[in-house]
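Step one of this worksheet: look at the structure below.
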Amino acid sequence: MTLGDFGHLTPIIAIVFSLLGAGFLLAFIRLVIGPSLPDRVVALDLIATLSVATIGTYAIATDQQVFVDVAIVLALIAFLGTIAFAQYIERRAHDE
Amino acid sequence: MMNDLIASFLLCIGAIFLLLAGVGIIRMPDLYSRIQASTKAATLGVGCVVLAMAFHFIDLGVTVRSLLVIAFLFTTAPVAAHVIGRAAYFVGVPLWEMTIVDELRGRYDVETHALRSPKRPLGEFSPKNDTEFDQ
């Protein structure tokens, strides 16, 4: 299967990938311009959530059920990452 | 065929909500409103996409795992948003300049991070006491 040939769902999949790509772009803009560290953490969290949705769409597009497990793991990792970042931000403020 | 229709519909709704989360994280004026925009819209959007996955593969294993992802996201996203917002409040990330009231002001102890009511009634706060917990 070549990229762009997703069976009879092709137009829907193309639209969904375009919207998700636009969402990624906006989240990356916020990740770059900040202005504070929590802003960037929130942008990273949104990027991880968008990745879960992209993996789900890709699983539908390619008819591969194994990607469902990848979505579970990525959702778990994203949550742990956000919690770790919050702990780090709080402790850094406390130490100073 | 019917399942594909439902899956397509859910995919489109989910993608639109995820795009709205991206728009919200750019357009909102301060960190706290950005958190609420990205968390709520993105959670609903990814829930729709994962539900579309369950409708596309009519399969017990995939459905159970999809519901697992949804349950997991719906429990962890509010927790993550709260934790990062709390950390940002302690660090002193500024609120939007047109914010009318900050109800947490004076109620968080900066040292112990304990939440408590002010010792005096709110009306008796003088500007000097009011700055006690300002960062």
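By convention in this document, chain letters (A, B, ...) are assigned in the order of the sequence lines, proteins followed by strands, and residues within each chain are numbered from 1.
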Output for pair (A:Glu90 CD, B:Tyr89 OH), nearest 0.5 Å, gives 13.5 Å

The interface call for A:Ser36 against chain B, heavy-atom contacts under 4.5 Å, is side chain

Heavy atoms of A:Ala86 and B:Ala87 approach each other most closely as O-CB, 3.7 Å

Value for CG (A:Leu44) from OG (B:Ser38), rounded to nearest 0.5 Å, stands at 11.5 Å

Is any side-chain heavy atom of B:Ile35 less than 4.5 Å from a side-chain heavy atom of A:Asp45? no

Subject >> A:Val68 backbone acceptor or donor facing B:Arg65 side chain under 3.5 Å >> reply: no

Honestly, the part of B:Leu73 sitting under 4.5 Å from a heavy atom of chain A is side chain

Side chain proximity check, A:Thr49 to B:Thr43, heavy atoms < 4.5 angstrom: no

Note: A:Pro35 and B:Arg34 closest approach over all heavy atoms is CD-NH1, 4.2 Å

request  = Please examine the side chains of B:Leu18 and A:Leu19, heavy atoms only from C-beta on, and report whether any two atoms are closer than 4.5 Å.
outcome  = no

Applying a strict 4.5 Å limit to non-hydrogen atoms, the region of B:Leu20 in contact with chain A is neither

Is any side-chain heavy atom of A:Leu37 less than 4.5 Å from a side-chain heavy atom of B:Val93? no

Query raised in the report: Does CZ in B:Phe57 sit with more than 12 non-hydrogen atoms of other residues, nucleotides or ligands closer than 6.0 Å?
Result: yes

Within the 4.5 Å heavy-atom criterion, are A:Thr54 and B:Val49 side-chain neighbours or not?
no

Take atom CZ in A:Phe28; do more than 12 heavy atoms of anything else shown fall under 6.0 Å from it?
no

So SG of B:Cys12 and CD1 of A:Ile13: to nearest 0.5 Å the spacing works out to 9.0 Å

(Q) Contact between A:Thr82 and B:Val83 at the side-chain level, heavy atoms closer than 4.5 Å - yes or no? (A) no

Interatomic distance, CG@A:Leu76 vs CZ@B:Phe72, rounded to 0.5 Å, equals 4.0 Å

In this structure, CG of A:Leu26 is separated from CD1 of B:Ile25 (nearest 0.5 Å) by 9.0 Å

